[in-house]
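Notes follow the structure.
The sequence lines fix the lettering, A, B, ..., with proteins before strands; numbering per chain opens at 1. Since the structure is predicted, the reported quantities are computational estimates derived from the model, not experimental observations.
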Amino acid sequence: MSNATDELFKNVIAHAKEYGFVFPSSEIYDGLSAVYDYGQNGAELKNNIKTYWWKAMVQMNENIVGIDAAIFMHPKVWKASGHVDGFSDPMIDNKDSKKRYRADQLLEDKIAAYDEEGKTDLAEELQIEMDNALKAEDLAVLKELIIKHEIKCPISGTANWTDVRQFNLMFSTQVGAIADEADTIYLRPETAQGIFVNYLNVQKSGRMKIPFGIAQIGKAFRNEVIARQFIIRMREFEQMEMQFFVRPGTQKEWFEQWKQARLKWHLALGTAPAKYRFHEHTKLAHYADAAFDIEYEFPFGFKEVEGIHSRTDFDLSQHQQYSGKKLQYFDPEINQNYVPYVIETSIGLDRMFLLTLINAYVEEDLSTAEKTDSRVVLRLHPVLAPIKAAIFPLTKKDGLPEKAREIMDKLKLDYNVYYEEKDAIGKRYRRQDAIGTPFCITVDHQTLEDNTVTIRHRDTMEQQRVNAADLNRIIGELVSWRNVL
RNA sequence: GCGGAAAUAGCUCAGUCGGUAGAGCAUCAGUUUCCCAAACUGAAGGCCGCGGGUUCGAAUCCCGUUUUCCGCUCCA
């Protein structure tokens, strides 16, 4: 990271806190690692991003419906999805090479080596000891075995190991008053499974015909070993995702279609196309047959914002197997029953929020020959701005405040608006620039005579005089979702 | 998790040799002005991240810890 971009990122974080967008969680108690709260302006911005996504995905597509599944799910869901096994491996680090290995993998390799050397009895003995230790989840014994059999790190060649630790990325808690192992449940590590387990409910009750999609916005939780870079990776985060169910064999074309549709959604907000790129996964997850990320160029490099994955029939097949319920679709067009294939689009809401903030943040030099001047302005798209318009009386006397409030009362039914009479008008404009308010409406002495006001535009700083009676319509057009959908 | 750096007012930061905690901006109240950071007067705001130690005395030195940032690592 260069100094300039480093500086920019720091400034954006400071700005986010100073102007009520993002606060560290429980800050008066020193904060909680990798957990953040959204402030008064952040909550508005985040809600607007959600609305934009929901409108674009659910309302604009008659074959996509939205649900809201619970965070708690039956423990077997995570068995079926592969999260229980895939997320809880015994890991060990070599202190010299700083490489991390699965402890059971190291032992398996050693057993294979013994077999090759013809030491079959040693191999057999180790296999039994390892199996017992894994079954008993005795991590100390696993380490003893690694030491006893002089297993060395293939990179550093040393046996300087840390203790064996269990890494489980899922948070667990208990259901019911009495803590019993059988009652252990997990906080969902992804929202997707809430859609898959409801596939049949939605398909039947909504009389959905393939191809169709189910969308959802919700929180997910991962106990990340390390979580950093502000809100890029949090332990509690929010996803907006849509699972699109298609006929097997058609997944490639739908995958391509959703890739383009999702990029279009991002670009409609006015972000420079050069800031975005696709990144293809070369190493695919166990469930996928194609995977692309949409990446945005953050100050610290290109980072994944959204994933578009072709998940095959993996999830529904797994749930079919574990639940014993048929999760199939009868396709009258080809007169066949099948488990649908799935294209997933999954966007990290918090990352989208940060992207939006960083992309909008501009430090402008307004210096003239006479004086140096500058401002910080959030060039948010008007549809996303936390506050759509601010209303200012030019002075706080001569009946201007009363007139301004009267105008504001007519606008606040439809838009989030803000009133302020303190400080000079220029200062009030700058304050709104800092939180991205696209329009400032100023009531002056002329307003009292002919009912006209000025609208000052955030980006150009230019003003236009309009009739106050037209404000609702004018603001409405400027902040309409039609401008992006 | 390993290594490095940092933590002082809402924000950005200063704080000398260890000797009673400071600035700019922001905030609040008032006066005045009125279309792009005006001025003036006043006020509020601090467990110097937290805990321990050394010392007559610690923001300052030492140890631990928490949080954040950077690099590595991890991210089905």
Determine the interatomic distance between P on rC11(B) and the same-named atom on rC48(B); round to the nearest Å.
-> 16 Å
C1' atoms of rA29(B) and rU67(B), separation to the nearest Å | 36 Å
Using the C1' atom in both, what is the distance from rA7(B) to rU20(B), to the nearest Å?
-> 23 Å
Met242(A) and its side-chain contact (heavy atoms from CB on, under 4.5 Å) partner, picked from Thr345(A), Ile217(A), Ile308(A) = Thr345(A)
On a whole-Å scale, what distance lies between the C1' atoms belonging to rU27(B) and rG45(B)?
-> 9 Å
To the nearest Å, how far apart are Tyr29(A) OH and rG51(B) P?
-> 14 Å
Taken to the nearest whole Å, CZ/Phe23(A) to C1'/rU67(B) is 17 Å
Kindly indicate whether a cation-pi arrangement holds for Arg222(A) with Phe237(A), taking the cut-offs as under 6.0 Å to the six-membered ring centre and within 45° of the axis.
-> no
Would a distance-only check, ignoring hydrogens and angles, find a side-chain to backbone donor-acceptor pair under 3.5 Å from Arg428(A) to Lys422(A)?
-> yes
Quick one: Glu304(A) CD to rC75(B) C1', roughly how many Å, whole number?
-> 10 Å
Is there side-chain contact between Tyr38(A) and Glu44(A), with at least one heavy-atom pair below 4.5 Å?
-> no
Write down the distance separating the P atoms in rG49(B) and rU60(B), rounded off to the nearest Å.
-> 8 Å
Once you round it to whole Å, what is the distance between P of rC74(B) and CD1 of Ile232(A)?
-> 19 Å
For nucleotides rU8(B) and rG24(B), find the distance between their C1' atoms and express it as a whole number of Å.
-> 15 Å
Please measure how far the P atom in rC61(B) lies from the corresponding atom in rC2(B), and state the result in whole Å.
-> 25 Å
Send over the distance from Asn41(A) CG to rG10(B) P, rounded to a whole Å.
-> 19 Å
What residues form a side-chain hydrogen bond (donor to acceptor under 3.5 Å, both in side chains) with Arg430(A), not counting sequence neighbours?
-> Asp373(A)
Can you tell which of rC74(B), rC69(B), rA76(B) lies closest to the side chain of Tyr36(A)?
-> rC69(B)
Not counting sequence neighbours, which residues clear side-chain hydrogen bond (donor to acceptor under 3.5 Å, both in side chains) with Glu280(A)? List them please.
-> none
Please state the C1' separation for the pair rC25(B) and rU32(B) - nearest whole angstrom.
-> 22 Å
Under a 3.5 Å cut-off on both pairing distances, which runs of 3 or more consecutive Watson-Crick or G-U pairs involve RNA chain B?
-> B:1-7 with B:66-72, B:10-13 with B:22-25, B:27-31 with B:39-43, B:49-53 with B:61-65
Interatomic distance where CG belongs to Asn223(A) and C1' belongs to rC74(B) [whole Å] | 13 Å
Touch check for Glu421(A), heavy atoms < 4.0 angstrom, all strands: base, sugar-phosphate only, or nothing?
-> nothing
Would Asp433(A) and Arg458(A) satisfy salt bridge (charged side-chain N to carboxylate O under 4.0 Å, His left out), going step by step from the backbone distance to the final call?
-> CA-CA 6 Å; Asp433(A) 288 342; Arg458(A) 177 194 66 201; 6.0 Å; no
Please report, rounded to the nearest Å, how far the P atom of rC75(B) is from the CZ atom of Arg222(A).
-> 12 Å
Salt bridge (Lys or Arg N to Asp or Glu O under 4.0 Å) contacts touching residues 342-355 of chain A (sequence neighbours left out) = Arg311(A)-Glu344(A)
Report yes if at least one side-chain N or O of Lys17(A) is closer than 4.0 Å to OP1 or OP2 of rC11(B); otherwise report no.
-> yes
Would you mind reading off the distance between Glu363(A) atom CD and rC11(B) atom C1', rounded to a whole angstrom?
-> 13 Å
Side-chain N or O of Ser33(A) less than 4.0 angstrom from OP1 or OP2 on rU68(B)?
-> yes
Show the atom names and distances, to 0.1 Å, of all donor-acceptor pairs under 3.5 Å that link a side chain in residues 466-477 of chain A to residues at least two apart or in another chain.
| from | atom 1 | to | atom 2 | distance (Å) |
| --- | --- | --- | --- | --- |
| Asn467(A) | OD1 | Ala469(A) | N | 2.9 |
| Asn472(A) | ND2 | Lys410(A) | O | 3.2 |

Using a 4.0 Å heavy-atom cut-off, write out nucleotides 24-37 of chain B from 5' to 3' as B (base contacted by protein), S (sugar-phosphate only) or - (no contact).
-> --SSSS---SBBBB
Within 45 degrees of the axis of the six-membered ring of Phe292(A) and under 6.0 Å from its centre: does Lys259(A) put its NZ or CZ there?
-> yes
